[in-house]
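Working notes, structure below.
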Amino acid sequence: MSEMDETLEIFFSEAEDLLKSAEESLLALESTPDSSPDIEQLFRSVHTMKSSAAMVGFMGISEYAHLLENLLERLRNRKLTVTHKLITFLLDSVDFIRSMVDSVLRGEPEADPEVLSDRKSRVKPYLGIEGVSSSEEKEEAEPQAKGSRDASDAYRFYKIDLNFGKQLFYSGQDPLLILFNLSEQGEFVQIVPDLSGLPDFDSLSMYDLYISWQIVMKTKRSYEDIEDVFMFVMDDHDIRIEDVTSRYREGIDVGLASKRLGEVLLEESKITEEVLTDALKKQKMLGEILVEEGKVGPNDVKKALSLQEESRTVYRKTTIRVDVEKIDSLVNLGEEIGIGLSKLRTLLERPGGTKPMALGENLENLVKVNREFQERVARVRMFPLEGTFRRFQRMARDLAIQQNKKINVVLTGLDTELDKEVIEHFTDPMKHLVRNCVDHGIESPEKRVAKGKPAMGTIELRAYQRGGRVFVEIREDGRGIDLEAVREKAVEHGWLRPEESVTEEQLLAFIFKPGFSTSSEVTELSGRGVGMDVVKTELHKLGGTIGVHTEKDRGTSFVLCLPLISALMEVLHVVVCGKSYLVPVQAVLGADRCDDHLVKRVGAGKEVYPFRGDYLPLVDIAKVLVTPGTPTNGRGHILVFVDTGRKIFGLPVDQLLEPQQIIVKSLETNYRSVRGLAGASILGDGSISLVLDLLGIEEIFFREPVKGDGDHESEQKAGSN
Amino acid sequence: MEKLILFVDDSPTMRSSVSFCLRNAGYRVAEATDGEDGLTKLESIRDKGDSVALIITDINMPQMDGITFISKVKKTEFRFVPILVLSTEAEESMIEKGRAAGASGWLLKPFQPEQLLWAVKKVVWPK
């Protein structure tokens, strides 16, 4: 959880800066109403606010900032003019966001839903949607098809923890009266008294309170109404109210669905942790019981299990479970598109011709809605890694207990999203790695202490997106891979002459070779190696790669680099030698007009260019990809600088077009995999453009394989399936 | 019988308006002019075999102030009776003193009848 706290902390400090900067821009605008840089600055602050808030789950803030962003976009496009009134309104809006941030900082919900929706409706007149626009025509106000958003009338669920102090009765308060008053605010879905604080009968004092309660209630009342019940006890007693509406559907806690019985019982304090661990130890698999009783043979069980597993795999591969809310929002957006279209038709059929302004505005709105639609459709396939990571955390924990090891599993980047298919396929290799970390990486507590390390080992799972790819790191602080042992093994297999000198990297690449080690010779020697070749092959099939880094007694880390198949990507559209390519925006550091005098030649036809105090190599895409029939008519006159996470280099291009969001289509499924290309996409004008795989390009250009990744030939062969 | 509320305040205007409001809402009200008088009233209520559901008291009063009154009540058998303070005093340190003495809640004058009743409902069971 501490990662979340850290993220929140960062968000809060960022929010403070953004709001301050927004305010500054607004005040500057008041004196110079037409200053574009100030409008830009303001727009950026609000935009960042929107996405950062969404990132940490403060949807109220995010949605409100989103509306403001729309307003500012109109300001940017000169559809609105800066007036004193507008500045006042915006300053007030900034204050409102600040108040929401302050609320969440205090651990309260962002804002009363009614206040929020009122605030939102006050932004709308500026958006030109509801007819009060600056455009010359007055359209009939459209009913906003955003049913799911104004949910002020819907039921909310609150989880309330009542931990009154022992002394409650002395202040003349009666806990039952408080519960009674609370019951008048709505319906109790669940009320669980916690009696664990009760002392022995002999030391029981009738004037002290020993019981605490946990309540879940369903109500249409606001958070403030609920809080109000505790007005007189809030300050002196530990009372926590949490809006858990998102977890409840139709009065049922859907959060429980993914929990195990033991966890649920534990949460409701029906059992203690020890009782649970005890009971779990006694638990047996159905197969084990049947085999023990001689009802079936062990092989039959094994066969049935593998059949079942196979069926599950296929089922998982071909079906997808989508939150109804996600679909609802799609339906709503679909409706909005419908409305937009009929509006356009009306405009077009209007006798006496249409006004291009009105047409353009409607079209623009439609484009925006459509973009959101596409984005959400793509998201249906995307899932956060949280679930998968949690499973690994659980697995590592269970394995550690079995082996009497102490391991703390830290998870970072849980909301990094990956395509369902990618998640499915990388789970097995990942499982392997995590298992290896526990089995062979982390030492026993005694050994660790002897080495002067903390008895508790740490495994960190970390995910992040960079350069249009998702990276997953597994890092542990165990014994590290014994490179000498790896060397011996390699010599044994004849992959290496005894006297041959190799780098650490080359040495580590051997652990991914088939036959490096077999499970029968449990790898105490190398500490690693069980089926690493399988891990690598699986990742390759996905179009992913794996790298390894190790240090004796400091630990080992694996870096998995995964593609974003059919994922939504923000790309920069560039043209090189008349061909259009898409560069993942996350990797772009900046662009510059190429000044030929600054280009320096080094070695055989290689060129470098100064960028941010460094000379960076220039990589000619056309040459790297060897596109047939391409006239190599000199270098492009614009340079796009990219960072792949390992190297920074410049791409000369002829033209730099608008950045856009695209859905990447896999080349592998539609054609065959091509090195240097991550996929393709169909652009707005119907043409096809290729998405650059910067890591691939880097590899080709620098002739340096990805760490621990020896043979690339297999990639090209893999294309023909 | 309706629940009995003891109201302690040295201002006759306050006493009559608060009493009116509470009686209207269906409570019986006993009035006292300061802390000392309040303690006396409590004794006579006990002697009559009656019980008090709530005490509402002012802070700044002659003879015995509200804080002292609350601490004294807490030493009698009425110590579990909820006590609300109704005062113009909004000083945080004073509110803290009241809380330490055992007040259940703190309300500010001038009072709105519905606010007062809303507060009363929080500490007195309905009939």
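Just so you know, these numbers use all the heavy atoms, side chains as well, and skip hydrogens, waters and symmetry mates. Below, chain A is the first sequence line, B the second, and so on; all start at residue 1.
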task: Side chain from CB out, backbone as N, CA, C, O: work out which of these in B:Trp106 comes under 4.5 Å of a heavy atom of chain A, or both, or neither.
output: backbone
- request: Please name the pair of heavy atoms, one in B:Lys74 and one in A:Tyr170, separated by the smallest distance, quoted to 0.1 Å.
  value: NZ-O, 2.6 Å
field: Structural part of B:Ala119 lying under 4.5 Å from a heavy atom of chain A
entry: both
query: CZ of A:Arg122: more than 12 outside heavy atoms within 6.0 angstrom?
result: yes
message: Within a 6.0 Å radius of atom CE on A:Met234, are there more than 12 heavy atoms belonging to other residues, nucleotides or ligands?
response: yes
query: For atom NZ of B:Lys72, is the number of surrounding heavy atoms from other residues, nucleotides or ligands below 6.0 Å larger than 12?
result: no
Exercise: identify the closest heavy-atom pair between B:Val124 and A:Leu177: N-CD2, 3.4 Å
message: Quick check: closest heavy atoms across B:Pro126 and A:Phe180, and the distance to 0.1 Å?
response: CG-CE2, 3.4 Å
task: Starting from the C-alpha separation in whole Å, work towards a yes-or-no answer on side-chain contact (heavy atoms from CB on, under 4.5 Å) for A:Asp228 and B:Lys122.
output: CA-CA 10 Å; A:Asp228 186 78; B:Lys122 291 214 169 345; 3.2 Å; yes
task: Can you check whether anything in residues 76-94 of chain B gets within less than 4.5 Å of chain A, heavy-atom wise, and list it by number?
output: B:Arg79, B:Phe80, B:Val81, B:Pro82, B:Leu84
query: From B:Arg99 CZ over to A:Asp236 CG, what is the distance, rounded to the nearest 0.5 angstrom?
result: 4.5 Å
query: Under 3.5 Å, side chain of B:Ser104 to main-chain N/O of A:Ser171, donor-acceptor pair present?
result: yes
- prompt: Of the backbone (N, CA, C, O) and the side chain (C-beta and beyond), which part of A:Val229 lies under 4.5 Å from a heavy atom of chain B, both, or neither?
  reply: backbone
field: Any residue of residues 17-55 of chain B which, by heavy atoms, sits under 4.5 Å from chain A
entry: none
- request: Taking all heavy atoms of B:Trp125 and all of A:Asp174, pick out the closest pair and write down the distance.
  value: NE1-OD2, 2.7 Å
